[in-house]
Amino acid sequence: MSQYPPEPGRAEAVADRVLEALDTVGDTVLSRRRTLQIGAGVAAGSMLASRLPMVRGLVGLGTAEATQIPSTIVLVYLDGGNDGLNTLVPLTNPKYQDLRGSLAIPGNTTLPVDADYGLHTSLPFMHSMWTAGKAAFVRGVGYSNNNLSHFTSIDHWHYGYGASGSPVAASPHSGWAGRFADTIGPSNPFTTVAIGPYTPVSLRGASVAALQIPIPQSQLFGANLGDLNEKWVADALRSINTTGSGTGPLGNGLTARAVSAIDVAPSVASSWNGADGTAINRQMTMAANLINARLGVRVISVIIDGFDTHAQQAVTHSRLLSDLDTALSGFFSRLDPALSRSVAIMTYSEFGRRARANSSAGTDHGSSSIAMMFGANVAGGIYGDEPGLTTLDAAGNSLVTTDFRRLYSTVLASWLGTNPDPILGATHVPLPLFAAQPGVIPSTTSTTSTSTTRAPAPAAGASTLVPVTRAPAPDSPSAGGGTRVAPPAAGPGVTTTTAAAIAGSSAAFDSASTTLPTAGQPILLSATTTQPAQPPTTQPTPPLAAPQPAAQPQPAAAPSGAGIIVPTELVVPGNGAVIAPSPTVPGTTVLITVGPTSEPTPEGIPGEPVGPTAVPPTSAAHSSTTVLTGNPSSLQVAVRAQPSVISATVTNGPLRNDTWIGVFSAANGARTNAAPLAIRYLNNRTRPGIVTRTSGAVRFTGVAKGTYLVKVFAGGATAPVRQLRVLVP
Amino acid sequence: MVSGMPMTADEVAHLYRRAGFAAVPSALSPLVGQSRESVVAGLLDGVFPAPSYPTLSPTDSDYQQLVVIRRWWLQQMASAANPVLEKLTFFWHNLIPTSYWKVPVPAMLLAQNQILRNNALGSIQTLLSAIAVDPAMLWYLDNYLNVASSPNENFARELMELFTLGADQGYVQGDVVDAARAWSGHTLTPGRAYTFVSGEHDSGSKSIFGITKNWDGPELIGEILNGVRANVSSLFLARRLWNWYAGPTSDTVLLASLAATLRSAQMNTKEFLRAMFLRDEFYSPMYRNVLVRGPIEWGVCMLRATGLTAQGTQIDWALADLGQSPFEPPSVSGWKQNEYWISQAAVWKKATMAGTIGWSADGTSFLSAVPAQGPAAAVQTALDAFATPTVSAATRSALEALLTANRDPGIGGAGQRANLIRAVALTPEFQLS
């Protein structure tokens, strides 16, 4: 802790490391670093220019700034209406079995919560959070007079409507989190981030628009301005915006967003690091990356869809909960431990399910459900009155005991540190879901989760709520509005073991709680000292020559349906070198440019690369990352002499991180077991990156004169899927 | 409007941009100077060959079939001789949608498209009556489950709320309940064909719009469009059509006038379009640059300009990323308009797609004149080809600067056409309509 201010150079080194950690591939690092060298003047408006000082501030400028790690709430929308009753399962309510029949979950298969509840067996991580005292379950959440429409109900939730359906008068077309962003202002585009295919209304502000980040795609415009083609177009867009397009408000919106998109692209591309698996897993990975990057993200929204389980619910619901649980586990294990006390996750859903199962082994739309909060500073426990199953509403749904806006009030007041009343248009008493303010270690350590001794959160209204040690009988709701039931008493050792044993995430909390300084001390430093394990990223291949045009043509998407064209010979204008593609692999298309000085030029492309149709994804959203398309549809190679370079571009390959390109001696390279002279993965490095990609451009420099075979090995394959014979003159 | 007033080049371009998917100046120049009536008649009254529908292979998966019909329709929009019909069919698909998400049988979606297409320019009552008993719609809004003993309100509600009247306009919840009863028994056979099962129909007395009788579902459409609710429905539909073709408005006088036009045209879409395209307001500066081209329209205009195909570019993938896939609207209320399509995410995806299209077109003869032209002329060539001949000075100079940078002696113009195509596609002028 005594290292402030750091020795000269240290801030830069750490900042560099943070930046590198943000980066996905060498070329991004390259372009970023170049941008930094050029200076903030050139990168006017660029996030790059503004982010470095921020990082430095955190590292080097002492306590006041170092503690300004802003808190973040991750909102997980369980789209479709999650069955709260089968998530936090009642163990002792005899009506449960009656109503649910075959859908009733046997108590002995649940993960133990307390005498009255068990957690669905697909939620082992959440259960570990519970036993570590870092999970809060809120019962009976919803609003009254729900008309059971998905649209109406989620509008209530996202706009933050009252039970009467009336919008918040001051800002009727905005969502509750968007109104929070409005209080901060639009200067930081990362304040509110919607990950996924669209921006939920909840994040729509009156003056601040959320940054919407798509689930990974292979290319991101603006992330690689080292590519001159991209840079020129980006410059054109900037220039249109700078001088005004004169096309009215919509045109201004388009151009402003275009410039912003260019600015934030590198950070967004970095957020895809390691994002794979299910859609929710990818979103949560991106969320953790964005938070770790310290971009000032305050609200992140993610969506897991499919909870509208009208039929055959059991299998679907189990899978969804399992996916969610896995994603949360991954999130916490990825989250920088230094930030763990500044981050919380809240799950919500537009409504729960009907108490009685329907005849299709499913459940129809219900009313109240449970919401869940997870995080190192969450005050573990069960909150809200148990609605029970004896008294149901007219539609046969469990009653609402906790207005959903109390959750918002809690998040806004106790976690985001703002006055919730103007944002919600009314006063809603917060729930004591947090054990301490963001970044602060609770006064009673969280790993010793004895039930009644933990200090309530300092939130307003907390003092009005009396912690009790046991849930009320399920069908006799207590009078209080926010009864809290703490996790079971357990010895510290037991709890720690349990928590640490699962996914490493709770261990991260424990690590944070034992090594982090107390409130008021710098936090980032302790993080950097407690996680030295990550080696510095391999330096990217340096530029070949300055300036670095890298005028690699952006290859076309593979046209489909056409036959395969195998050029037999290409005569390259200039020096008359004749290069014949290898006939051994059908489908080969070659781009060869040869000349002592010229850059690869797409004008020399004789026709379009043509290849097999990429296999369409198996779902309409083509969200799967595991679809292997077989062969990349095109390999293009360009050769330059003096200094010699072989540039190879692969497109439309399988979405993998381990597709590689090798240069082989033409003399023996045809042998299947020949050793390559040099290799590059699609990230243009000699080791695979974390990011999966379908295309990439790599460069081999310093190649001696001679004839070579360039081969592509698509993700994990032992035989090349494309190869070309090239001559380096 | 003064009858017979000659149209300017700008007005002709505006009309073609809005009525269809824009047209290049050289195609429009013969129309300049003709009367509005004549030009509009040319758009609406031409005789065009019927489209050929794709044949779906039963051995293909549902998803593969979906891709086929998607690309088929996109290609229709991109190259059909009658773009007015394509844009109007898209309007109806947006207003009265059915989604693959709920109805994963592409043949049924294609059949519905055929109904929309065949009736797009005719009587709205005929169109809606056909859609109401279209198997895809019966499935999509659950009316096939609507039986007397257990009414399902889904279709009855959306028919009024989203298709004809507007939320809480001219109906109350009691009307929905009884309308659902009126539609009971209109269902599907096991083979998914429409059938009316009288035994499942509620033949009791129902009160809808204040009229109490033994209603049957199809009667409802007549009362809504040409009966007791004609004033409400004409206003609703006129507004939707004006929003789609001209732009959003809150001008109640204009809307009332348009609604009256629709009623006097007996709810005939073609005659309404004619009246709309003849109005002075349609050409007013108030309605310029007030529509953001949604992904489909933007992509189709790219294909029209470059001559590339939906199949060759696999443009449906990019459109899915952009959030607008034919036959897969996000909900029964269709796609949203304008601001909904403006985001950083859209910039990234559009730039990616425009790059792909640019590099694909770079290998064709498209814009082949550009390399030999000076920057100003080359930019104009590209803008003309994209049917966006008039742009701001800022846009023009930015494009010229791009071209100049691309022609730096160290680069030599490599990829200049691809880069120009990409940049033009991302100008505000091309993204707006």
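Note on naming: letters A, B, ... go to the chains in the order of the sequence lines (proteins, then strands), and numbering restarts at 1 for each one. Predicted model, so just to flag it, every value in this text is computed and none were measured.
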I'd like to know if the side chain of [X] reaches the main chain of [Y], judged simply by a donor and an acceptor atom lying under 3.5 Å from each other, with no hydrogens or angles considered.
| X | Y | value |
| --- | --- | --- |
| B/E153 | B/V177 | no |
| B/Q337 | B/P248 | no |
| A/S153 | A/E350 | yes |

Considering residues at least two apart in sequence or located in another chain, which fulfil the ring pair (Phe, Tyr, Trp, His ring centres under 6.0 Å) criterion with A/H310?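 Per chain and number, A/H310 pairs via ring pair (Phe, Tyr, Trp, His ring centres under 6.0 Å) with A/H365.
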
When heavy-atom pairs shorter than 4.5 Å are enumerated against chain A, which of B/P330, B/S343, B/S333, B/A393 gives the highest number?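 Greatest number of close heavy-atom pairs with chain A: B/S343.
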
Can you say whether [X] sits under 4.5 Å from chain B via the side chain, the backbone, both, or neither, judging by heavy atoms?
| X | value |
| --- | --- |
| A/L250 | both |
| A/A258 | both |
| A/V259 | neither |
| A/S260 | both |
| A/A210 | backbone |

Test side-chain contact (heavy atoms from CB on, under 4.5 Å) applied to B/P106 and B/V68, B/L66, B/V67, B/D60, the passing residue: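 The passing option is B/L66.
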
Please tabulate, for side-chain N and O atoms in residues 425-433 of chain B, each donor-acceptor pair with protein atoms closer than 3.5 Å (sequence neighbours left out).
{"unit_1": "B/T427", "atom_1": "OG1", "unit_2": "B/V424", "atom_2": "O", "d": "2.7"}
{"unit_1": "B/T427", "atom_1": "OG1", "unit_2": "B/F430", "atom_2": "N", "d": "3.2"}
{"unit_1": "B/E429", "atom_1": "OE1", "unit_2": "B/T395", "atom_2": "OG1", "d": "3.0"}
{"unit_1": "B/E429", "atom_1": "OE2", "unit_2": "B/S392", "atom_2": "N", "d": "2.9"}
{"unit_1": "B/E429", "atom_1": "OE2", "unit_2": "B/S392", "atom_2": "OG", "d": "3.2"}
{"unit_1": "B/E429", "atom_1": "OE2", "unit_2": "B/T395", "atom_2": "OG1", "d": "3.0"}
{"unit_1": "B/Q431", "atom_1": "OE1", "unit_2": "B/K350", "atom_2": "NZ", "d": "2.8"}
{"unit_1": "B/Q431", "atom_1": "NE2", "unit_2": "B/L426", "atom_2": "O", "d": "2.9"}
{"unit_1": "B/S433", "atom_1": "OG", "unit_2": "B/R18", "atom_2": "NE", "d": "3.1"}

What's the spacing between A/R204 CZ and A/T192 OG1 if we round to 0.5 Å?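 One gets 12.5 Å once the value is rounded to the nearest 0.5 Å.
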
Among A/A236, A/G253, A/G248, which has the most heavy-atom pairs under 4.5 Å with chain B?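 Max contact count across the listed options: A/A236.
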
Using non-hydrogen atoms and a 4.5 Å limit, figure out which bit of B/A418 sits close to chain A: side chain, backbone, both or neither.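 Neither part.
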
Chain A heavy atoms under 4.5 Å from B/L291: which part of the residue, side chain, backbone, both or neither?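 B/L291 touches chain A through backbone heavy atoms alone.
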
